[in-house]
Amino acid sequence: QVQLVESGGGSVQAGGSLRLACVASHYTYDNNCRGWFRQAPGKEREGVASINIFGGSAAYSDSVKGRFTISQDSAKNTVSLQMDSLKPEDTAMYYCAAVHPSLCGNLHYLTQAVYRGQGTQVTVSS
């Protein structure tokens, strides 16, 4: 089964940038949509961004559109999330997830993904 490992979290001041990476192994067609969701303490999970690693446009939540960019490497085993203009409200645990490509346009499905990593903490101070 697919395995996902995140890296790149950390602490930054508001307005700063961070880049998260998610390395996948043992993936199949059924989990070719990769993306990120986040969860802050006391809040529900929120789908952030997704991308179909074999083509198709990326999707973003309204809260990050224009500030975050999801991309993949040519080998298709690493998906990155470039986070710019970070805000304190972006503080959360960020999880990489994989779902069926037919679900890629709806970020909610990422929050329910069976295949997800262990998460990486992002903290933005004001």
Side-chain angles (χ1 to χ4, degrees):
Q1 62 184 27
V2 64
Q3 295 176 338
L4 304 167
V5 179
E6 305 101 334
S7 63
S11 297
V12 67
Q13 289 192 326
S17 298
L18 285 172
R19 186 176 182 88
L20 307 182
C22 172
V23 178
S25 58
H26 310 296
Y27 56 88
T28 66
Y29 172 81
D30 284 349
N31 38 66
N32 277 348
C33 176
R34 311 274 170 74
W36 299 84
F37 69 89
R38 65 187 181 185
Q39 187 166 25
K43 295 190 177 181
E44 293 186 353
R45 295 176 183 176
E46 176 191 12
V48 173
S50 67
I51 188 168
N52 186 321
I53 66 169
F54 284 107
S57 59
Y60 298 93
S61 67
D62 289 342
S63 60
V64 308
K65 197 172 295 182
R67 300 188 297 120
F68 291 11
T69 305
I70 191 169
S71 61
Q72 63 182 38
D73 71 346
S74 58
K76 296 179 173 53
N77 66 340
T78 300
V79 171
S80 299
L81 186 69
Q82 178 66 38
M83 304 185 296
D84 298 319
S85 302
L86 283 162
K87 304 175 181 179
E89 50 263 44
D90 294 319
T91 295
M93 185 73 80
Y94 283 71
Y95 298 86
C96 179
V99 297
H100 193 276
S102 66
L103 306 178
C104 218
N106 188 332
L107 297 175
H108 170 74
Y109 288 108
L110 289 175
T111 70
Q112 309 299 313
V114 172
Y115 300 116
R116 57 180 183 262
Q118 293 192 338
T120 184
Q121 178 67 38
V122 171
T123 302
V124 184
S125 58
S126 57

Please list all pairs meeting ring pair (Phe, Tyr, Trp, His ring centres under 6.0 Å) that have one or both residues in residues 102-126, counting only residues at least two apart or in different chains.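 Residue pairs passing ring pair (Phe, Tyr, Trp, His ring centres under 6.0 Å), neighbours aside: none found.
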Any chance you could measure [X], atom [atom1], to [Y], atom [atom2], to the nearest 0.5 Å?
X	Y	atom1	atom2	answer
Gln72	Phe54	CD	CZ	8.0 Å
Phe68	Ser80	CZ	OG	13.5 Å
Tyr60	Thr69	OH	OG1	4.5 Å
Gln1	Ser25	CD	OG	10.0 Å
Arg45	Arg38	CZ	CZ	14.5 Å

Taking all non-hydrogen atoms of both residues, which atom of [X] and which atom of [Y] are closest, and how far apart?
X	Y	answer
Leu110	Ala97	O-CB, 3.8 Å
Arg67	Ser85	NH1-O, 2.9 Å
Ser126	Pro88	CB-CG, 3.9 Å
Asp84	Ser17	OD1-OG, 2.7 Å
Lys87	Val124	O-CB, 3.3 Å
Ala24	Leu4	CB-CD2, 3.6 Å

Do [X] and [Y] come within less than 4.5 Å of each other through their side chains, counting heavy atoms only?
X	Y	result
Thr91	Gln121	yes
Arg34	Ile70	no
Leu103	Gln112	no
Leu20	Glu6	no
Ser71	Gln82	no
Asp90	Met83	no

Could you list the residues that satisfy ring pair (Phe, Tyr, Trp, His ring centres under 6.0 Å) with His26, not counting sequence neighbours?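 His26 satisfies ring pair (Phe, Tyr, Trp, His ring centres under 6.0 Å) with no other residue.
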Using the side chain to side chain donor-acceptor pair (under 3.5 Å) criterion, which residues pair with Tyr95? Sequence neighbours excluded. none
Is there a path of hydrophobic side-chain contacts, each under 4.5 Å between heavy atoms, that joins Met93 and Val48? no
Consider only side-chain heavy atoms of I, L, V, M, F, W and Y, link residues closer than 4.5 Å, and tell whether Leu81 and Phe37 are in one cluster. no
Answer yes or no: is there a donor N or O on one side and an acceptor on the other, between the side chain of Asn52 and the main chain of Pro101, under 3.5 Å? no
Crowding at CD, Glu89 (>12 non-hydrogen neighbours, <6.0 Å):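 Counting other residues, nucleotides and ligands, CD of Glu89 exceeds 12 neighbours.
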